[in-house]
2 protein chains.
Amino acid sequence: MRERQGLREQKRRAAMRRVQDAALGLFDEHGFEAVTIEQIAAAAEVSPSSVYRYFATKEGIVLYDPNEIALEAPIASADEGVPFAEVLHRTVMGFLSEHGDEVVDRRRAKYLMEVPSVQDAVARRFFTETPTLAAFVAARTGRSPDDLEVRVACGAFAGGMLAAMRHWHAEDYAEPLGSLLDRTLATMQHGLEVALR
Amino acid sequence: MRERQGLREQKRRAAMRRVQDAALGLFDEHGFEAVTIEQIAAAAEVSPSSVYRYFATKEGIVLYDPNEIALEAPIASADEGVPFAEVLHRTVMGFLSEHGDEVVDRRRAKYLMEVPSVQDAVARRFFTETPTLAAFVAARTGRSPDDLEVRVACGAFAGGMLAAMRHWHAEDYAEPLGSLLDRTLATMQHGLEVALR
DNA sequence: TTCAGAAGTGATAGTGACTGTCAATTGAGA
DNA sequence: TCTCAATTGACAGTCACTATCACTTCTGAA
């Protein structure tokens with residue numbers, strides 16, 4: 001599992017984690033906007049320059065996920081016969097059982113979902129993936145990835161997933177992720193007609 | 001039509017327009033990020049302080065639309081019998097015929113759709129409206145506006161509309177807006193099932 | 001093990017968006 | 001016309017982020 005990686009890469013990861021950890025601690029204490037990069041750097045015992053080398057922006061510190069779930073590969077390599085919803089469900093649940101059900105790092109989640117500039121970064125991240133999804137949908141349906149229909153479907157999917165995440169957070173992660181995911185996909189697949197009638 | 005407004009309000013509007021106009025001119029010449037607020041203020045013959053008083057952010061200068069289309073009122077007051085898609089279509093087309101088919105100010109559109117920080121502001125604007133839409137959908141369907149299904153549907157709607165706008169821009173506004181709107185709504189109403197199968 | 005080149009680090013000096021404050025000016029309404 | 005309230009521009013400051021550069025630390029080949 002653990003790739004044989006150079007000392008350099010190890011140090012880098014360790015430092016990034018230290019910076020993120022220090023940052024989250026300070027955010028918890030004073031709030032996201034009240035904490036400066038300089039303070040974070042001092043708390044993590046690196047220079048401000050290094051913080052910027054690791055993370056492009058202050059928001060990036062929150063966005064960074066050392067154990068990010070990989071969705072692209074499983075979806076891209078999915079069998080034509082298996083419905084999209086099932087692939088997604090399986091991938092997420094598989095990841096879940098592997099990583100001790102902490103898909104969402106609650107510590108980061110607060111800022112991901114509540115700080116405006118971080119919200120924007122999250123949304124951007126979601127929509128940045130839509131062209132990839134569009135290519136996949138296009139291949140499956142025999143359309144062009146540049147079709148309005150394909151693009152709208154993918155944009156709607158991203159918007160729906162984003163809304164589901166926000167809902168989950170707003171409800172304090174009460175509902176199990178699997179159930180939430182199913183209801184979300186079901187709504188998007190045949191619920192928009194009812195809702196937007 | 002023209003409300004009897006004080007001299008103060010008139011001046012304010014005139015100044016805002018002057019600032020936006022100056023800004024767009026400078027953006028066209030040097031690009032969005034290369035132009036400073038100070039330069040914009042100088043070109044518009046106001047102080048930098050005033051620019052910030054009119055527009056909260058640099059992105060806001062682009063976002064500002066003196067002739068913004070009103071969607072909330074027509075949708076909120078729509079008859080239960082009339083389908084959502086039709087209300088939206090009618091409102092937009094009505095606005096269109098009234099304002100000499102310039103729904104989209106091409107001059108601003110370039111920056112709205114192409115500058116990352118402005119894109120973020122546009123997306124935020126879209127999703128900020130979803131609770132309003134959710135309240136409307138909830139009222140029509142007899143659900144709670146806090147239901148996952150309602151929220152997901154509204155988020156998906158916002159994402160789909162955003163994607164449609166981007167598509168329209170990417171295709172250089174070739175397709176008539178009415179047709180684009182119809183296809184977009186049709187896709188969201190019964191197209192997601194096909195696309196995401 | 002050694003050593004040259006590559007890559008990472010921290011210090012430093014910016015730039016520019018944005019905030020807060022305050023005295024001077026200018027409309028609004030009596 | 002006069003008073004009060006809102007608007008303005010000037011000024012000083014904060015902070016995210018960029019660019020540069022000498023110095024240190026790893027890497028991979030000999």
Side-chain angles (χ1 to χ4, degrees), chain A residues 3-20 22-24 26-27 29-64 111-112 115-122 124, chain B residues 2-20 22-24 26-27 29-64 111 115-122 124:
Chain A
E3 294 290 330
R4 183 86 207 110
Q5 54 193 357
L7 179 54
R8 219 155 227 172
E9 187 59 19
Q10 277 181 42
K11 276 195 167 182
R12 180 189 178 77
R13 284 178 184 279
M16 286 180 78
R17 244 176 264 217
R18 219 167 53 243
V19 169
Q20 189 184 56
L24 290 172
L26 289 167
F27 294 163
E29 199 171 345
H30 306 107
F32 181 83
E33 24 268 318
V35 176
T36 69
I37 297 284
E38 209 167 341
Q39 292 170 333
I40 296 170
E45 294 182 300
V46 293
S47 71
S49 311
S50 289
V51 174
Y52 282 115
R53 216 171 283 117
Y54 297 143
F55 307 100
T57 64
K58 193 178 173 185
E59 289 73 34
I61 299 176
V62 181
L63 225 54
Y64 174 65
Y111 303 102
L112 289 173
V115 176
S117 63
V118 185
Q119 288 175 343
D120 285 354
V122 170
R124 165 165 292 274
Chain B
R2 176 165 296 274
E3 294 290 329
R4 184 84 206 112
Q5 56 193 358
L7 180 53
R8 221 155 224 173
E9 187 59 21
Q10 278 181 41
K11 275 195 167 181
R12 180 188 176 78
R13 285 179 184 278
M16 286 181 78
R17 244 176 265 216
R18 219 166 53 243
V19 169
Q20 189 184 56
L24 290 172
L26 288 167
F27 294 163
E29 199 170 344
H30 306 108
F32 181 83
E33 25 267 318
V35 175
T36 70
I37 297 284
E38 208 167 341
Q39 292 171 333
I40 296 170
E45 294 181 301
V46 293
S47 72
S49 310
S50 290
V51 174
Y52 282 114
R53 216 169 282 118
Y54 297 143
F55 306 99
T57 63
K58 192 177 173 185
E59 289 74 34
I61 300 177
V62 180
L63 224 53
Y64 174 63
Y111 303 102
V115 176
S117 64
V118 185
Q119 287 175 343
D120 285 354
V122 170
R124 165 165 292 273

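Order of the sequence lines fixes the chain letters, A, B, ..., with proteins taken first and strands second; residue numbering starts at 1 for each chain.
- At the heavy-atom level, B:Ser49 lies under 4.0 Å from base atoms of the strands shown.
- Nearest heavy atoms, A:Pro116 versus B:Arg124: O-NH2, 2.9 Å.
- If you take NE2 of A:His30 and C1' of D:dC15, they are 17 Å apart, rounded to a whole angstrom.
- Remark: C1' of C:dT26 and CZ of B:Arg53 are 13 Å apart, rounded to the nearest angstrom.
- Interatomic distance, A:Phe32 CZ to A:Leu24 CG, rounded to the nearest 0.5 Å: 10.0 Å.
- In this structure, the side chains of A:Glu33 and A:Val115 come closer than 4.5 Å at one or more pairs of heavy atoms.
- At distances below 3.5 Å, not a single donor-acceptor pair connects side-chain atoms of A:Ser50 with backbone N or O atoms of A:Arg53.
- The two atoms that bring A:Ala44 and A:Arg18 nearest to each other are O-NE, 3.1 Å, heavy atoms only.
- At the heavy-atom level, A:Tyr54 lies under 4.0 Å from the strands shown only through sugar-phosphate atoms.
- Rounded to whole Å, the distance from CZ on B:Phe55 to C1' on C:dA17 is 16 Å.
- Distance from the side chain of A:Thr36 is smallest to D:dC15 among C:dA17, D:dC15, C:dT9.
- Remark: P of C:dG10 and CD of A:Glu38 are 14 Å apart, rounded to the nearest angstrom.
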Exercise. Begin with the C-alpha distance, continue with both residues' side-chain angles, and end with the deciding distance and a verdict on side chain to side chain contact (heavy atoms under 4.5 Å, CB included) for B:Phe27 and B:Ile40.
Key: CA-CA 9 Å; B:Phe27 294 163; B:Ile40 296 170; 4.0 Å; yes

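- In this structure, A:Phe27 atom CZ and D:dA16 atom P are separated by 9 Å, rounded to whole Å.
- At the heavy-atom level, B:Val35 lies under 4.0 Å from the strands shown only through sugar-phosphate atoms.
- Atom NZ in B:Lys58 sits roughly 9 Å away from atom P in C:dG16 (whole-Å rounding).
- For A:Tyr52, the listed nucleotide lying nearest its side chain is D:dC17; candidates were C:dG10, C:dA17, D:dC17.
- Counting distance only, with no hydrogens placed and no angle test, the side-chain atoms of B:Arg12 and the base atoms of C:dG27 include no donor-acceptor pair under 3.5 Å.
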Which atoms of nucleotides 26-30 of chain D (N or O only) lie under 3.5 Å from a protein N or O atom, and what are those distances?
residue: D:dC26; atom: OP1; partner: A:Lys11; partner atom: NZ; Å: 2.5
residue: D:dT27; atom: OP1; partner: A:Leu7; partner atom: N; Å: 2.8
residue: D:dT27; atom: OP1; partner: A:Arg8; partner atom: N; Å: 3.2

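- No donor-acceptor contact under 3.5 Å links the side chain of A:Ser47 to the base of C:dA11.
- Between the P atom of D:dC15 and the CZ atom of A:Phe32 lies a distance of 14 Å, rounded to the nearest Å.
- Of the possible donor and acceptor atoms, one in the side chain of B:Gln20 sits under 3.5 Å from a partner among the backbone N and O of B:Tyr64.
- Taking a 6.0 Å sphere around CD of B:Glu9, one finds it holds more than 12 heavy atoms contributed by other residues, nucleotides or ligands.
- Where the helix from C:dT1-D:dA30 to C:dA30-D:dT1 starts and where it ends, the local axes point in directions that differ by 30°; five pairs per end, rounded to 10°.
- With B:Thr57 contributing its side chain and B:Gly60 its backbone, the two residues share a donor-acceptor pair below 3.5 Å.
- B:Ile40 has its CD1 atom 10 Å from the P atom of C:dC18, to the nearest Å.
- In plain terms, the two heavy atoms of B:Ala41 and B:Val51 that are nearest each other are CB-CG2, 3.8 Å.
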